[in-house]
Amino acid sequence: MKTRRLFIRTVTLLIMAVAIGYTFYSNFFSDANAAVRVGDKAPNFALTDLDGNEVELEDYKGKGVFLNFWGTYCPPCEREMPYMENQYAIYKEQGVEILAVNVGEPELTVQRFVERLNLTFPIPMDKGQQVLDRYGVIPLPTTFLINANGEIINIITGGMTEQAIAQYMESIKPQE
C-alpha cells in the first residue's frame with residue numbers, strides 16, 4: 001500500500017515538474033519572432049501565383065491587403081471564398097487587395113478549385129509553407145488585415161460571413 005502511494009506521488013510530482021519546465025522553456029527560450037502580431041509590420045514575402053507571376057507583399061504598399069491563408073480541404077475556407085470574391089469586386093477599385101495564400105497543395109487541385117468558384121483575386125502558392133510558418137498560422141482559414149502602411153491591424157481565425165468580410169475590407173481601405 002505504501003509503495004503504491006509513493007509511486008503515485010512520484011509520478012504526480014514528475015508530471016508537474018515536466019509541465020513547469022515546459023512552461024519556463026516556452027516562455028523564455030522559444031523564438032519570440034515566430035509569429036506576427038497586431039501592430040507589427042507585415043513581413044514581406046514573394047510567392048508565385050497560379051499564372052506563374054511573382055506576388056510580393058511589398059508591391060501592395062499603399063493599399064489595404066486582406067491576406068488570407070487557406071486550403072481546398074478546409075470547409076470554412078471554401079464557404080468564405082465566394083464572399084471574398086463578391087467583396088473583391090467592390091473593394092478592388094477602392095485600394096483593397098486580396099491575397100489568398102494556398103498552403104502546400106498541388107497546383108492542379110488549387111486550379112480546379114479556383115475555376116469551380118470563379119475566383120479572380122491573386123492566389124499565391126506557399127508550397128513549402130514558409131510564409132505560413134513565418135506568420136504563425138495554425139488554424140485555417142486565418143486572415144491578416146494589413147493597412148496601407150503595411151501594419152497588421154487585425155488577425156481573424158476561422159471562417160467569416162460576407163458581412164464581416166465587407167466590414168474588414170472597409171477597415172483597411174486607404175484613406176483618401
### salt_bridge(Glu56, Lys61) N-O dist < 4.0 Å
no
### Task
Group every Ile, Leu, Val, Met, Phe, Trp and Tyr by side-chain heavy-atom contacts under 4.5 Å, then state whether Val114 and Phe66 land in the same group.
yes
### Task
Measure the shortest side-chain to side-chain distance between Leu99 and Val55 over non-hydrogen atoms and say whether it is less than 4.5 angstrom.
yes
### Query
Within the side chain of Glu105, is there an N or O that forms a donor-acceptor pair under 3.5 Å with the backbone of Thr72?
yes
### Task
Check whether any side-chain N or O of Asp40 sits under 3.5 Å from a backbone N or O of Ala42 as a donor-acceptor pair, and report yes or no.
no
### Query
What are the two closest heavy atoms between Pro174 and Gly64, and how far apart are they?
CG-N, 3.9 Å
### Summary
What one should report as the nearest heavy-atom pair of Asp51 and Asp49 is N-OD1, 2.9 Å
### Task
With rounding to the nearest 0.5 Å, note down the distance linking CE in Met160 to CZ in Arg79.
12.0 Å
### Query
What residues form a salt bridge (Lys or Arg N to Asp or Glu O under 4.0 Å) with Glu115, not counting sequence neighbours?
none
## Note on the structure
Output for pair (Gln87 CD, Gln163 CD), nearest 0.5 Å, gives 10.0 Å
### Query
Taking Asp126 for the side chain and Gly104 for the main chain, is one N or O donor matched with an acceptor at less than 3.5 Å?
no
### Query
Is there a chain of hydrophobic side chains (I, L, V, M, F, W, Y, each step under 4.5 Å between heavy atoms) that links Tyr91 to Tyr60?
no
### Query
Heavy-atom count around Phe45 CZ within 6.0 Å, excluding the residue itself: above 12?
yes
### Query
Going by heavy atoms in the side chains, are Ile123 and Met125 under 4.5 Å from each other?
yes
## Note on the structure
Only one of Leu132, Val101, Ile155 passes side chain to side chain contact (heavy atoms under 4.5 Å, CB included) with Thr142, and that residue is Ile155
#### Entry: side chain to side chain contact (heavy atoms under 4.5 Å, CB included) partners of Asn154, counting only residues at least two apart
Leu145, Ile156, Tyr168
### Query
Do the non-hydrogen side-chain atoms of Phe113 and Glu78 ever get within less than 4.5 Å of each other?
yes
#### Entry: CE-OG1 distance between Met169 and Thr143, expressed to the nearest 0.5 angstrom
10.0 Å
### Message
Return the CD to CD distance between Glu170 and Gln94, rounded to the nearest 0.5 Å.
### Response
6.5 Å
### Message
Check for me, please, whether Val103 and Val65 land in the same ILVMFWY cluster - side-chain distances under 4.5 Å, paths through other members count.
### Response
yes
### Message
For the CD1 atom on Ile138, are there more than 12 heavy atoms of other groups (residues, nucleotides or ligands in this structure) within a distance under 6.0 Å?
### Response
no
### Query
Is the closest side-chain donor-acceptor distance between Gln129 and Asp133 under 3.5 Å?
no
### Query
If you look at every heavy atom in Gly136 and Ala35, which pair is closest and at what distance?
CA-CB, 3.8 Å
### Query
Looking only at side chains, do Asn68 and Glu80 share a donor and an acceptor under 3.5 Å apart?
yes
### Message
Please give me the minimum heavy-atom distance between Arg37 and Ile152, naming the atom from each residue.
### Response
O-CB, 3.9 Å
### Query
Are more than 12 heavy atoms from other residues, nucleotides or ligands located less than 6.0 Å from atom CZ of Arg116?
yes
### Task
Kindly assign one of parallel, tilted or perpendicular to the pair Phe144 and Phe69, based on the angle between their ring planes and the thresholds 30° and 60°.
perpendicular
### Query
Is Leu117 reachable from Val110 through a run of hydrophobic residues whose side-chain heavy atoms are each under 4.5 Å from the next?
yes
### Distance (rounded to the nearest 0.5 Å) between Leu47 CG and Leu57 CG
10.0 Å
### Query
Does Glu58 come within less than 4.0 Å of Lys41, counting only side-chain N to carboxylate O?
yes
### Summary
Taken to the nearest 0.5 Å, the spacing of Ile172 CD1 from Asn149 CG works out to 12.5 Å
### Task
Any chance you could lay out the side chain to side chain donor-acceptor pair (under 3.5 Å) test for Thr120 and Glu85, step after step, and finish with the verdict?
CA-CA 7 Å; Thr120 61; Glu85 180 63 32; 2.6 Å; yes
### Message
Restricting to non-hydrogen atoms, name the atom on Ala100 and the atom on Pro124 that form the minimum distance, rounded to 0.1 Å.
### Response
O-CD, 3.4 Å
### Query
Looking at Lys127 and Glu107, does any basic side-chain N land under 4.0 Å from a carboxylate oxygen?
yes
### Query
If we only count heavy atoms from C-beta on, is the Trp70 to Asn102 side-chain gap below 4.5 Å?
yes
### Query
Would you say the side chains of Glu54 and Thr48 form a donor-acceptor pair under 3.5 Å?
no
### Task
Could you check if a side-chain atom of Met81 sits within less than 4.5 angstrom of a side-chain atom of Phe121, using non-hydrogen atoms only?
yes
### Task
For the residue pair Ile146 and Ile153, establish whether any side-chain heavy-atom pair is separated by less than 4.5 Å.
no
### Message
Quick check: closest heavy atoms across Gly71 and Leu140, and the distance to 0.1 Å?
### Response
N-CD1, 4.0 Å
### Task
For the residue pair Tyr88 and Glu97, confirm or rule out a side-chain donor-acceptor distance under 3.5 Å.
yes
